[in-house]
Amino acid sequence: MARVELEHIDKVYPNGARAVVDCSLRVEDAELLVLVGPSGCGKSTVLRLVAGLEEVSAGTLRIGDRVANQLPPQARNVAMVFQDYALYPQMTVRRNLEFPLRMRGLGRAELGAKVERIAGLLDLAPLLDRLPRQLSGGQRQRVAMGRALVREPAVSLLDEPLSNLDAKLRVQVRAEIGELQERTKTTMIYVTHDQVEAMTLGHRVAVMDKGRLQQVSTPRDLYDAPANAFVAGFIGNPPMNLFAARLGVDEYGGAALTLGAQTITISAERLAKVKGAARDRVLTAGIRPEHLRLADAKTGAEARRDTPALDAVVEHVEWLGHETLAYVRVPDDTPAAERDAAGAHQLVARLPGMQMLSTGDAVRLALDPAHLYFFDADGRALPG
Ligand code: ADP
């Protein structure tokens, strides 16, 4: 088992594509680190660099205590599991599992013992004499994992290993991978574009965008304290609502946040903190869908002061049984130039139970200002 360390790694492909930019990341021994981000952000490239399938353009890659930049793939003691399994179709499960060991010239007894052990770990014992086509998708995936792990690699690399499975199986195999990692204590780097997979599986999660690492943290930290607006808008299902807002004063001269045509009163202390850090008055505010709720019917200035709320119009409703997702639009009379590019002021609220809402309904959404996040013009999280 081993630690993997990337120090200021760059990868520029021969066609000029800068897939990875100044990536510094340390994966601890026995850690399961998930690398997540949208398609094309450079996740697979990082994995391929660690595997030795691509050469780094700059920086230092260490596996264990060795600099691995120039090591050929077979000398790195890493195993890679691809999304398409790549099992040998004419070989039984047993032969598939034995294959990497035969390549190493292992003796019969040792080979048998290693295959039995991994088959036991992965519940493959009853399937050892079957051919891949006689297995379900989940079973095939387990054999592919087994074939990677039977060599007892120092590091396992998994590239979207669940993407060929249906939704139910994905959840099951995801849990199995987590358990397997716990049992084997293999250092694992797991790539996915699915933030739910990342949050449920990773000890730590590294979020990437456009070739750059955005934040590396525990799932909880990513959710509670996103480092920037990209992470805030990527993590969570649905993710955080982000909207252009202006700092100002409310009708009583108190501290306020103006969103579209509406004003939310926030504490003077909070405003001062944000103002101190922000370079200008226009910033991005964020609130998670679960921190919006339907406000009481009472109206008027007093109610607004007690409970900050936004008037909105329902655009679309999703009833999920235990909760209702209400997609709403907040009326906006700000000049187009001040609105964010996303054509914002569209929010989603996660409301408990089955809410009888229809498209076109006028609603008031209450929010606790303590749950507001603020990001500066460059998207960096502001304190407070
Ligand atoms: P992800 O795994 O996050 O989808 P990739 O690492 O596959 O992203 O790709 C990152 C970027 O590098 C993309 O812009 C992609 O088009 C480019 N890229 C990937 N592989 C190659 C390659 N072999 N040659 C040139 N460009 C590549």
Side-chain angles (χ1 to χ4, degrees), residues 4-27 31-63 68-74 76 78-86 141 144-145 148 155-165 170 173-174 177 187-217 219 222 226-237 239 379:
V4 178
E5 210 167 346
L6 287 79
E7 271 176 25
H8 304 292
I9 293 281
D10 283 340
K11 175 62 187 176
V12 185
Y13 282 108
N15 67 354
R18 295 190 79 198
V20 179
V21 185
D22 195 20
C23 178
S24 291
L25 176 66
R26 189 174 144 139
V27 186
E31 183 177 28
L32 197 176
L33 181 112
V34 179
L35 201 50
V36 69
S39 177
C41 73
K43 315 177 286 291
S44 298
T45 301
V46 170
L47 219 57
R48 295 170 63 81
L49 291 170
V50 176
L53 302 174
E54 295 289 346
E55 215 176 300
V56 304
S57 307
T60 308
L61 170 69
R62 282 196 187 81
I63 300 175
N69 289 37
Q70 305 299 333
L71 280 183
Q74 59 278 17
R76 294 187 183 201
V78 301
M80 189 139 168
V81 182
F82 297 95
Q83 51 181 265
D84 54 6
Y85 317 148
Q141 180 57 13
M145 296 275 301
V155 182
S156 301
L157 307 172
L158 290 86
D159 193 356
E160 304 262 5
L162 308 183
S163 54
N164 289 337
L165 306 181
R170 249 198 323 260
V173 180
R174 184 173 80 201
I177 292 176
T187 308
M188 212 179 251
I189 308 180
Y190 183 109
V191 159
T192 177
H193 65 277
D194 179 348
Q195 62 90 26
V196 176
E197 226 166 276
M199 295 291 276
T200 48
L201 203 51
H203 299 165
R204 284 186 311 151
V205 177
V207 184
M208 267 186 102
D209 184 38
K210 300 192 183 84
R212 290 177 194 273
L213 273 184
Q214 302 293 313
Q215 188 171 1
V216 186
S217 241
L222 282 185
N228 58 40
F230 176 82
V231 174
F234 188 77
I235 299 292
N237 187 25

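Read the numbers this way: they start at 1 and go in the same order the structure lists the ligands and their atoms.
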*Ignoring hydrogens and geometry, is there a side-chain-to-backbone donor-acceptor pair from His8 to Gly59 under 3.5 Å?*
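Checking the backbone N and O of Gly59 against the side chain of His8, no donor-acceptor pair under 3.5 Å is found.
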
*Hey, does the side chain of Thr60 reach the backbone of Glu7 with a donor-acceptor pair shorter than 3.5 angstrom?*
no

*Spacing of Asn69 atom CG and Ile9 atom CD1 [to the nearest 0.5 Å]*: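 Here the rounded value is 6.0 Å.
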
_Distance check, rounded to the nearest 0.5 Å: Arg174 atom CZ versus Gln141 atom CD?_
14.0 Å

*At their closest point, which heavy atom of Cys23 faces which heavy atom of Val20, and how far apart are they?*
CB-CG1, 3.5 Å

*Mind checking what residues have non-hydrogen atoms under 4.0 angstrom from ligand 1?*
Tyr13, Asn15, Ala17, Ala19, Pro38, Ser39, Gly40, Cys41, Gly42, Lys43, Ser44, Thr45

*Set of salt bridge (charged side-chain N to carboxylate O under 4.0 Å, His left out) partners for Arg48, sequence neighbours left out*: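 Result, salt bridge (charged side-chain N to carboxylate O under 4.0 Å, His left out) vs Arg48: Glu54.
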
